[in-house]
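First the structure, in the form of structure tokens, and then the observations on it.
Just so we're on the same page: letters track the sequence lines, and every chain starts at 1.
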Protein chains: 2
Amino acid sequence: MAPVKPKKQIDENLVKEKETAFAEFIQRKGLKTTRQRNTIIATFFRLQGHISVEELLNEVKKANPRIGYATVYRTLHLLVESGLVEERRFGDGLARYEGHSDVEHHDHMICLDCGEIFEFYNPRLEALQEKLAEENDFQIYRHRLELYGACKDKEACSHRKRKKVEQAAG
Amino acid sequence: MAPVKPKKQIDENLVKEKETAFAEFIQRKGLKTTRQRNTIIATFFRLQGHISVEELLNEVKKANPRIGYATVYRTLHLLVESGLVEERRFGDGLARYEGHSDVEHHDHMICLDCGEIFEFYNPRLEALQEKLAEENDFQIYRHRLELYGACKDKEACSHRKRKKVEQAAG
DNA sequence: GTGGAATACGAAAACAGTTTTCAAAATCGG
DNA sequence: CCGATTTTGAAAACTGTTTTCGTATTCCAC
Ligand SMILES: [Mn+2]
Ligand SMILES: [Mn+2]
Ligand SMILES: [Zn+2]
Ligand SMILES: [Zn+2]
């Protein structure tokens, strides 16, 4: 069985940087540093991918089972407000969050079979959007581009799918 | 005051065509023709733009006040299933529906000030997406591209906004 | 036309994800 | 430490949508 995708290693230094940046944001806003917020952001930044609230809460509870939904939601809002995290919605009804560490901006391809989310960025695409906006006398603040479809590599795709089912089963 | 946008006239023939197409779909599926469904689709196809369920229900109630939410939701699902209508979500939490009459596929620019939705289509953009998918060994079934921003024509924009406020109040 | 099985309706309840409330607990500058 | 201010967690509320369930309508066979 070939290795599917070399799991990116978490860069602990980068995580620490983010934690500091968030702490500064909290200070700047005159808010308070709390055990719960620290746990939540420490957990979040050590996860990778596009994390749902439930996924995050499950992880957070491993460190502190008494933390509830409300605090996770509230902390995620703060993370978004701080600019360290972006909210995504891929049409399955739940919000997902990602620390935009990799690239400043990117778009997504979502496999409807295995659920894998591929990220991409293309300057020509971005430029073309700008040009089209220009033609319509429109100024873009932000955009979202999502390509829904399927992996062509069926083996890798079904492997991921299987793995996901196992994971869900516990 | 300059004319803002020449309101497209509804093409009654086209509407009748859609009504027929839906009737055929209903037959084909072995479902029943009902007063309510007829009212709802007749109303829907005579509205223009990106219609929310509530907007549609309000209009429908003018013809038959006894029709309820459930039936509107159910009929919209049928319309989508029939392929005559597409569901859109522009991030304000509500589903919107449009008969895709104008062009087979198009993308959207959404003004965050006045709420206006501009539609556009660009073959180069579509082709570029295909190329990027190809590079990722990915097959696109469908995509969504939304540009969020603001009209540059501030006068037209605020005129639309004002009108909308009036409408909401009235 | 009627009978009657199949389907659809509408009001209300249920649902899912998220937000808010509120009383108790934690934070932190003085 | 004090005490004003903020935060927390459980539960309630909220929002848009779906489902339920008893009644009403459709429509095919006769
Ligand atoms: Mn991403
Ligand atoms: Mn449109
Ligand atoms: Zn896949
Ligand atoms: Zn505008």
Side-chain angles (χ1 to χ4, degrees), chain A residues 22-44 50-82 85-97 168, chain B residues 22-44 50-82 85-97 168:
Chain A
F22 186 68
E24 277 164 12
F25 168 79
I26 289 291
Q27 293 259 95
R28 209 178 319 128
K29 287 217 65 176
L31 303 178
K32 289 175 177 168
T33 304
T34 72
R35 202 185 313 291
Q36 290 92 329
R37 297 218 262 241
N38 287 341
T39 302
I40 291 166
I41 68 157
T43 306
F44 179 82
H50 302 81
I51 311 295
S52 71
V53 176
E54 198 183 0
E55 281 163 6
L56 179 55
L57 180 63
N58 284 342
E59 287 305 310
V60 161
K61 274 189 183 297
K62 292 180 186 170
N64 178 354
R66 311 207 35 226
I67 293 177
Y69 265 104
T71 304
V72 171
Y73 272 107
R74 287 188 280 231
T75 306
L76 281 168
H77 291 330
L78 287 173
L79 280 166
V80 170
E81 197 190 337
S82 76
V85 163
E86 269 188 60
E87 182 179 309
R88 306 281 185 190
R89 285 170 184 276
F90 296 129
D92 60 354
L94 16 146
R96 295 176 176 280
Y97 296 85
Chain B
F22 185 68
E24 278 163 11
F25 168 80
I26 289 291
Q27 294 259 94
R28 209 178 320 128
K29 286 217 67 177
L31 303 178
K32 290 176 176 170
T33 305
T34 71
R35 204 185 314 292
Q36 290 92 329
R37 297 218 260 241
N38 287 340
T39 302
I40 291 166
I41 68 157
T43 306
F44 179 81
H50 303 80
I51 311 295
S52 71
V53 176
E54 197 182 1
E55 281 164 6
L56 179 55
L57 180 63
N58 284 343
E59 286 305 309
V60 160
K61 274 189 183 295
K62 291 179 186 170
N64 178 354
R66 310 206 36 226
I67 292 176
Y69 264 104
T71 305
V72 171
Y73 272 108
R74 287 188 279 232
T75 306
L76 281 169
H77 291 331
L78 288 172
L79 280 166
V80 170
E81 197 190 336
S82 77
V85 163
E86 270 188 61
E87 182 179 310
R88 306 281 184 191
R89 283 168 186 277
F90 296 129
D92 59 355
L94 15 147
R96 295 176 176 281
Y97 297 86

Rounded to the nearest 0.5 Å, what separation is found between the [atom1] atom of [X] and the [atom2] atom of [Y]?
X	Y	atom1	atom2	value
Ile40(A)	Arg74(A)	CD1	CZ	9.5 Å
Ile26(B)	Arg37(B)	CD1	CZ	4.5 Å
Leu56(B)	Ile41(B)	CG	CD1	11.0 Å
Ser82(B)	Lys29(B)	OG	NZ	10.0 Å

Exercise. Report yes or no: is there a donor-acceptor pair, N or O only, under 3.5 Å between the side chain of Lys32(A) and the base of dA26(C)?
Key: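 It does not, because no donor-acceptor pair links the side chain of Lys32(A) to the base of dA26(C) below 3.5 Å.
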Whole Å only: how far is the [atom1] atom of [X] from the [atom2] atom of [N]?
X	N	atom1	atom2	answer
Ile26(B)	dC9(C)	CD1	C1'	14 Å
Lys29(B)	dA6(C)	NZ	C1'	15 Å
Glu87(A)	dT18(C)	CD	P	8 Å
Arg89(A)	dG17(C)	CZ	C1'	8 Å
Tyr73(B)	dC9(C)	OH	P	16 Å
Leu31(B)	dC9(C)	CG	C1'	14 Å
Arg66(B)	dC9(C)	CZ	C1'	9 Å

Quiz item: Side chains of Arg66(A) and Gln36(A): does their closest heavy-atom pair fall under 4.5 Å?
Solution: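 With C-beta onward as the side chain, the pair stays apart.
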Do the side-chain N or O atoms of [X] get closer than 4.0 angstrom to the phosphate oxygens (OP1, OP2) of [N]?
X	N	value
His77(A)	dT19(C)	yes
Thr34(B)	dC9(C)	yes
Gln36(B)	dA8(C)	no

Quiz item: What's the verdict on side-chain contact (heavy atoms from CB on, under 4.5 Å) for Val53(A) and Leu94(A), showing C-alpha distance, side-chain angles and the deciding distance?
Solution: CA-CA 8 Å; Val53(A) 176; Leu94(A) 16 146; over 6 Å; no
Practice problem: Return the residues of residues 57-64 of chain B meeting this criterion: a heavy atom under 4.0 Å from some atom of DNA chain D. Order them by number, or give none. | Solution: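 Going residue by residue through residues 57-64 of chain B, none turns out to have a heavy atom under 4.0 Å of DNA chain D.
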Exercise. Would you please indicate if the ring centroids of His50(B) and Phe90(B) are separated by under 6.0 Å?
Key: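 Centroid distance His50(B)-Phe90(B): below 6.0 Å, so yes.
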Exercise. Please figure out whether Gln27(B) or Asp92(B) has its closest DNA chain D nucleotide nearer the 5' end.
Key: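 This one resolves to Asp92(B).
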Quiz item: Should the pair Glu86(B)-Arg88(B) be classified as a salt bridge under the 4.0 Å nitrogen-to-oxygen rule?
Solution: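 So Glu86(B) pairs with Arg88(B) through a salt bridge.
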Quiz item: With sugar-phosphate meaning primed atoms plus P, OP1 and OP2, does Arg74(A) contact a base, only sugar-phosphate, or nothing at under 4.0 Å between heavy atoms?
Solution: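 Base contact.
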Self-check item: Whichever of Arg35(B) and Val53(A) has its nearest DNA chain C nucleotide further upstream toward 5'
Solution: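 It is Arg35(B), whose closest nucleotide lies nearer the 5' terminus.
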Exercise. Could you tell me whether the side chain of Thr71(A) and the main chain of Ile67(A) form a donor-acceptor pair under 3.5 Å?
Key: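 Not confirmed, Thr71(A) side chain does not pair with Ile67(A) backbone.
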Quiz prompt | Range on DNA chain D touched by chain B - first to last nucleotide, heavy-atom distance under 4.0 Å | solution =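 Reading along DNA chain D, I get dG16(D) to dC27(D).
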